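Here's the structure, in structure tokens; my notes come after.
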Amino acid sequence: MKTILALLAGAAVALVGTNAFAQQTLKSVKDRGELVCGVSKGLPGFSAPDASGRWSGFDVDMCRAVAAAVLGDPNKVKFVPLNAEERFPALQKGDVDLLSRNSTWTLEREAKLGLLFAGISYYDGQGFLVPNARKLTSSLELDNSKVCVQAGTTAAAATEEYFKTNNMKLELVSVPNSADMVKAYDEGKCDTLTTDVSQLYALRLNMTKPADHIVLPDVISKEPLGPVVRQGDDKWFNIVKWSLFAMLNAEELGVTTANLDAALQSQKPDVKRLLGLEGKLGEELGLSNDFAARIVKAVGNYGESFERNVGASSKLGIPRGVNQLWSMGGIQYAPPIR
Ligand SMILES: N[C@@H](CCC(=O)N[C@@H](CS)C(=O)NCC(=O)O)C(=O)O
């Protein structure tokens, strides 16, 4: 009997151990009064602190959107800068509630690491950046290149695969952080940079002479980027997922930061549902019914955040491309708020 009891107690401890965060994230965030969000260490347009230490960017907006939805205040966020190798262990250990750091949704990261991607906030793909002086027009001309890549990313293996498939000779130079990547390239330790195309645009801004480098047109992989949470907390997963979907639906319905007050008077059923003027969808999610209105007020709709941080008229100057809404010819498609 004693042995059976001991075994049962052991099993219970093991269960609690694996489910330590189960269904707890919303409660801990509310009790703490602050969302702890994992971001990159400094990638202009995506997540970077300004001189006064205030973080901004497309990935940062996702953190602020969730804080606005959950706590009613986009400033109640503690940003934890993480390099590529640190990011998933930090989420697994519970050091962050949410990871919003240009992370690619792959099978391994869900099946092996016990994580869940809440959606795709940016459809990206891996590309190459080279000095204009190399006079290249395609990544198929990269034979005998010294390629800088960040450790712990999807890029190292994909680069090896690409060079091998195309019978090109490769020397990989692996660095731990994006700052080291720019430094190594600026100092000539590598003659090519590789990562997701969006990040190449961001890294170029940090180079001594940005105009001297081009992003080659080829894209060699699929890099669907999005916010990540731990498995085992469906409630929290849904909150993050629907915060992103709320931003996309707001754009689709034409609700912006500027017209939010007018939209709150709208008689259109789908606008009323989005803004919580009809139904109890927000409460059913575990939030308040106006969660989407809070998000739009805080960071704008998806298109506003994209344009402000990384879009054609921002410093990065990235065309909206496939990240345009499905209704505008792109592939961004969020399930409806109903
Ligand atoms: N999307 C890829 C790449 C992500 C990644 O970490 N890219 C580097 C490119 S430089 C980066 O953003 N570094 C920022 C940092 O270390 O702070 C992945 O999930 O593995």
Side-chain angles (χ1 to χ4, degrees), residues 37-50 55-60 62-63 79-92 95-96 98-113 115-130 147-162 172-187 189-190 192-207 210 213 215 219-229 309-310 316 318 322-323:
C37 204
V39 291
S40 74
K41 294 196 131 175
L43 207 53
F46 286 88
S47 46
D50 65 14
W55 286 82
S56 69
F58 184 75
D59 285 343
V60 161
M62 192 67 234
C63 306
F79 293 98
V80 178
L82 299 164
N83 75 16
E85 285 180 312
E86 293 162 340
R87 64 185 151 166
F88 299 127
L91 181 60
Q92 286 167 324
D95 293 349
V96 297
L98 166 66
L99 184 69
S100 181
R101 187 205 170 281
N102 51 346
S103 296
T104 305
W105 186 348
T106 66
L107 193 156
E108 187 185 54
R109 288 171 180 177
E110 294 203 326
K112 188 172 157 190
L113 302 185
L115 305 173
L116 279 180
F117 282 75
I120 300 173
S121 55
Y122 191 111
Y123 288 89
D124 210 340
Q126 188 183 332
F128 296 92
L129 179 136
V130 290
V147 184
C148 271
V149 71
Q150 188 165 341
T153 66
T154 45
T159 308
E160 278 172 342
E161 208 173 284
Y162 180 73
L172 262 192
V173 182
S174 181
V175 288
N177 295 308
S178 52
D180 305 312
M181 197 90 151
V182 174
K183 194 161 172 271
Y185 178 84
D186 260 347
E187 288 172 354
K189 290 190 179 127
C190 51
T192 310
L193 273 193
T194 191
T195 182
D196 307 342
V197 171
S198 67
Q199 292 133 53
L200 291 176
Y201 280 87
L203 294 177
R204 182 164 60 178
L205 289 179
N206 287 344
M207 286 172 183
H213 312 276
V215 175
V219 169
I220 67 159
S221 69
K222 288 191 287 187
E223 306 289 337
L225 312 177
V228 200
V229 295
N309 294 303
V310 300
L316 267 73
I318 305 178
V322 291
N323 287 296

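If you're wondering where the values come from, they're calculated on a predicted model, not measured in any experiment. Just follow the structure's listing: the first ligand is 1, and inside any ligand the first atom is 1.
Of all non-hydrogen atoms in Pro227 and Gly119, the two that sit nearest each other are CD-O, 3.9 Å.
For the pair Tyr122/Asn102, no side-chain contact is recorded, criterion being any heavy-atom separation below 4.5 Å from C-beta on. At least one side-chain heavy atom of Phe128 sits less than 4.5 Å from a side-chain heavy atom of Thr159.
Contacts of Ala90 classified as side-chain contact (heavy atoms from CB on, under 4.5 Å), with partners at least two apart in sequence or in another chain: Leu82, Asp95. Legend: residues meeting salt bridge (Lys or Arg N to Asp or Glu O under 4.0 Å) with Lys189, ordered by chain and number and at least two apart, are Glu187. Residues that satisfy the side chain to side chain donor-acceptor pair (under 3.5 Å) test with Trp55, not counting sequence neighbours, are absent from this structure.
Within 4.0 Å of ligand 1, counting heavy atoms only, the contacting residues are Ser40, Lys41, Gly42, Leu43, Asn83, Ala84, Arg87, Arg101, Asn102, Ser103, Thr104, Arg109, Gln150, Thr153, Thr154, Ser178, Met181, Thr195, Asp196, Gln199, Leu203, Leu225.
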